[in-house]
Amino acid sequence: MLFTVKDVSDFLANKPFIDTVIVPLVQIDLSEDGIKQSSSASDYLLNLTNFIEHQFKGRIMLMPPITYLKGVDQSGAMLLFEQKLKEAGFKHVFFMTSDHSLTALQQTHTVVWLPSIPLESMDATVKNKILEDQLAQVIPVFSAKWSQA
Amino acid sequence: MSNNRVSRRQFLNYTLTGVGGFMAAGMLMPMVRFAIDPVLQSKGAGDFVPTDQKVAELTETPVKVNFSFEQVDAWYKSDVTAMAWVYKEGDKVVALSPVCKHLGCTVGWEGDKNHPDEFFCACHAGRYHKNGENIPGTPPLGPLDEFEVEEKDGLLLIGPVRPNTLVKK
């Protein structure tokens, strides 16, 4: 499910089935030598999370991404967000990012870190292949969480 | 020089008939084309989207076949990649939509070790028989949709989606 009116209505009608939420965390680096890499990473992450949402449409709600500037601490915002999402009825909250520094928060949150792959230079078929491979890596993380509960 | 020389009158006659003929043809051609337009329409793929899958290579085991088409969302054009599960039933090619009838996840073939020879939806353990029929007792309420298929130059074309025609009620 995407965070759109149509999907959210579906969500409200099928609340017990949609128990998982993905929050993409996108780091924005505006420095001269970081801005390009930052845009590539953001593009990759948003493509990948959309792809995952497509696969697990009936169980996962994809939130609009949280964007933050490089070096700004996110732990407080993430804690609050996770708490509110759980109050709203989601059992599993996954934060997905390609910013390595956030892996430090793995003790308190489920942070899925994936190194970014530059998708901009690829044609559609290769891009799709890469996203499928990445998805295959993420699926075990999800199924592990789902089978716990 | 030949003996039968062309007179001025004859020459003008020939030229005028020639030019007039071209002009008449130029006017009539579009009219005729308009009149018989349905015949001229290309019968090609229509809404059928080409894939890279060779029909000869298909077996009775469903395989993933990706295909992409252009989708226009107001001013935003994008290439959408979609997928179908394709297999052969005798000589007939069957292409099933992977979209789970429960809440729209993507189903996988033999996605669960305990249930071979079935489509499996990882979201809520929905299951379907090979022909797309939903297995009672699992969340899905209807059979998987089916794509129309065509073959062209040995390659598979995927057409519009329609309700499952394989499941006998």
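Numbered from 1 within each chain, the chains take letters A, B, ... in sequence-line order.
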How about [X]: does its [atom1] atom have over 12 heavy atoms from other parts shown lying under 6.0 Å from it?
X	atom1	value
B/Asp37	CG	yes
A/Glu87	CD	yes
A/Glu120	CD	yes
B/Phe69	CZ	yes
B/Arg33	CZ	no
A/Lys86	NZ	yes

Spatial distance of atom [atom1] ([X]) from atom [atom2] ([Y]) [nearest 0.5 Å]:
X	Y	atom1	atom2	value
B/Cys123	A/Lys57	SG	NZ	10.5 Å
B/Cys105	A/Ile60	SG	CD1	8.0 Å
A/Gln55	B/Cys100	CD	SG	12.0 Å
A/Leu131	B/Thr81	CG	OG1	9.5 Å

Heavy-atom side-chain contact between B/Leu103 and A/Arg59 under 4.5 Å: no
Side chains of A/Glu132 and B/Lys64 in contact at under 4.5 Å (non-hydrogen atoms):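 A side-chain contact under 4.5 Å exists here.
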Toward chain B, the part of A/Asp10 with a non-hydrogen atom under 4.5 Å: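 Contact with chain B is absent: no heavy atom of A/Asp10 under 4.5 Å.
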Cluster link B/Leu96 to B/Ile158, ILVMFWY, side chain under 4.5 Å: no
Expected output: side-chain B/His124 to main-chain A/Phe17 donor-acceptor under 3.5 Å: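 Checked: pair present.
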Side chain, backbone, both or neither of B/Asn66 within contact of chain A (heavy atoms, under 4.5 Å): side chain
